[in-house]
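Remarks on the structure that follows.
What you see is a predicted model, and the numbers here were worked out from it, not measured in a lab. Side chains are part of it too, since the values below use all heavy atoms of this structure and drop only hydrogens, waters and symmetry mates.
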Amino acid sequence: MTLHKGASASDRKHTEHPVNPFYGEADPVAGMETAPPRHTLPDGPVAPHTAYQFVHDELMLDGNSRLNLATFVTTWMEPQAGVLMGECRDKNMIDKDEYPRTAELERRCVAMLADLWHAPDPSATIGCSTTGSSEACMLAGMALKRRWTQRNKDRYPGGARPNLVMGANVQVCWEKFCNFWEVEARMVPMEGERFHLDAASAAELCDENTIGVVAILGSTFDGSYEPVAGICAALDEVQQQKGWDIPVHVDGASGAMIAPFLDPELVWDFRLPRVASINTSGHKYGLVYPGVGWALWRDTDALPEELVFRVNYLGGDMPTFALNFSRPGAQVAAQYYTFMRLGRSGFRAVQQATRDVARSMAERIGALGDFRLLSHGDELPVFAFTTADDVTAFDVFDVSRRMRERGWLIPAYTFPPKREDLSVLRVVCRNGFSLDLADLFLADLEALLPELREQSGPMQRPENVATAFHH
């Protein structure tokens, strides 16, 4: 959660501002005469429609989420899903004994995902919903560390420090995990045109203190899949040579809901014996509004029993594993609705349409001549591109800033070590971003290019001013 500072002295000093008389009651001059303070509680209540109008008007200054090409998060659902979420928003997902049917829907979603990801025995697969893939990654990391600790009880208290191997392109939640749970983060830097983890580099960083390797099925930097099967094969060789049995966690925040439908021949999931756990975001390509993720473990060996809390569930045993203890059941109900509503063929159609839009956009942007593509939208429906080598009049930050003037939110950012020299733009295509919208985006970009080409050079704005996106 973002940290916010308190109000400054100037913020706390409230100047009374007159408000529109129509904000008042039926008598337009009998309602509130001045706006309420913004950084202290008002002295008294206001009418509900008045409070609504103040908040509503301020939120109009936010960007249009449908035009936000930076976010992976779902920005459109069917009206029926919205109604269902409204009916469940007051149910606390953690109170499984009080809301047993919501708990049952969660259990069914876990079973569906276990089957989708080829668990050897879906009935033995353990899983849970989370607030998102970040919490799911935290839980998966905790399980990896506890498994390692159990195997190294004689060494761990003596100073052996656990480590986790991953690419420098991981989502920031993995850096948070290593920081919070005192695990050494061993990151493989980018090299040349390799923008994610590769098998040889992963194996090279492993040792007897490695709790696991994180493989990303869909890098947020460029939308590419990391070679999960190759990483597992390299770790098989490590075990044969060194005796270290190192598990793999697949961060499928996005790709775990793309690959099963569009790349069924790709082996990345529980078909690989070394894959111990998988996470995904229900609110990304799981097609649900923000607030739900999923974490699944291959079997009971992959999730140490001591991490699981148990509650009485209708006279039975209900295991729970979570960091949050109050969250709405609405998103879980919406996830089950989406699974039931679309089925395999429906998901395949939705994800294929999204990939088709991404590939079409990438091809057309590449044909403009001003840009060089790093990826093409043929794995995740995501692609990254930078300015062509001969373009000197503008940079990616100029493009991001000027497209925002037209309502489009497209992130520009610099890659991590050792490719800080590379700055890119990235487009995320989601359900609801149609070919029609893509045409409008391309039309605005093409209309902007003549102005950019006439610049004497890039604006040279600091990165933290040029864009608010850093991952």
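- With hydrogens and angles ignored, the 3.5 Å screen pairs a side-chain donor or acceptor of Arg430 with a backbone N or O of Asn68.
- In terms of heavy-atom proximity, Leu217 sits nearest to Leu266 at CD1-CD2, 4.3 Å.
- In this structure, Phe221 and Pro416 have side chains that are in contact, with non-hydrogen atoms separated by less than 4.5 Å.
- Put simply, the side chain of Val308 does not reach to within 4.5 Å of the side chain of Ile126, judged on heavy atoms.
- Listed for the Asp251 side chain is no donor-acceptor partner under 3.5 Å among the backbone atoms of Ala215.
- The aromatic rings of Trp297 and Phe321 lie tilted to each other, with the angle between the two planes from 30° to 60°.
- Using a cutoff of 4.0 Å between basic side-chain nitrogens and carboxylate oxygens, Glu104 and Arg108 are scored as salt-bridged.
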Requested in this report: Go through the steps for Asn169 and Glu226 under the test side-chain hydrogen bond (donor to acceptor under 3.5 Å, both in side chains), then give the verdict.
Outcome: CA-CA 10 Å; Asn169 57 308; Glu226 291 187 339; 3.1 Å; yes
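- The salt bridge (charged side-chain N to carboxylate O under 4.0 Å, His left out) check on Glu182 picks up nothing, with sequence neighbours excluded.
- Using a 4.0 Å cut-off between charged side-chain N and carboxylate O, Arg147 and Asp245 make no salt bridge.
- Ring orientation note: the planes of His56 and Tyr52 are close to parallel, at an angle under 30° on the 30°/60° scale.
- Remark: the backbone N or O of Lys153 is not paired with any side-chain donor or acceptor of Arg151 at under 3.5 angstrom.
- In this structure, Pro290 and Thr74 approach most closely via the heavy-atom pair CD-O, 3.9 Å.
- Across all their heavy atoms, Glu135 and Thr131 have their closest contact at OE1-N, 2.8 Å.
- Between Arg66 and Leu437, the shortest heavy-atom distance links the atoms NH2-CD1, 4.3 Å.
- The nearest pair of heavy atoms linking Cys232 to Leu272 is SG-CD1, 4.0 Å.
- Remark: Asp43 CG is loosely packed, at most 12 non-hydrogen atoms of other residues, nucleotides or ligands lying under 6.0 Å away.
- Every residue two or more places apart in sequence or in another chain that forms a salt bridge (charged side-chain N to carboxylate O under 4.0 Å, His left out) with Glu78 is listed here: Arg341.
- Dense packing is recorded around CZ of Arg271, with more than 12 heavy atoms of other residues, nucleotides or ligands lying under 6.0 Å away.
- Of the possible polar contacts, none joining the Ser277 side chain to the His249 backbone as a donor-acceptor pair under 3.5 Å is found.
- Dense packing is recorded around CZ of Arg186, with more than 12 heavy atoms of other residues, nucleotides or ligands lying under 6.0 Å away.
- Within 6.0 Å of the CD atom in Glu58, the count of heavy atoms belonging to other residues, nucleotides or ligands does not exceed 12.
- The closest side-chain donor-acceptor pair between Asp263 and Trp268, if any, does not fall under 3.5 angstrom.
- Remark: Leu197 CG to Met166 CE distance equals 10.0 Å, nearest 0.5 Å.
- In this pair, Phe339 and Phe347 present their aromatic rings tilted. The plane angle is within the 30 to 60° band.
- Closest approach of Leu235 and Arg274 over heavy atoms only: CB-CD, 3.5 Å.
- Among the candidates Ile365, Leu67, Asp436, the single residue satisfying the side-chain contact (heavy atoms from CB on, under 4.5 Å) test with Phe441 is Ile365.
- Of the possible polar contacts, none joining the Gln171 side chain to the Ser134 backbone as a donor-acceptor pair under 3.5 Å is found.
- A distance-only check finds no donor-acceptor pair linking the side chain of Ser281 to the backbone of Gly293 [under 3.5 Å].
- Environment of CG in Leu59: crowded, with over 12 heavy atoms of neighbouring residues, nucleotides or ligands closer than 6.0 Å.
- Looking only at distances, a side-chain donor or acceptor of Trp117 sits under 3.5 Å from a matching main-chain atom of Ala256.
- Crowding of Glu363 atom CD: a count of heavy atoms from other residues, nucleotides or ligands under 6.0 Å not exceeding 12.
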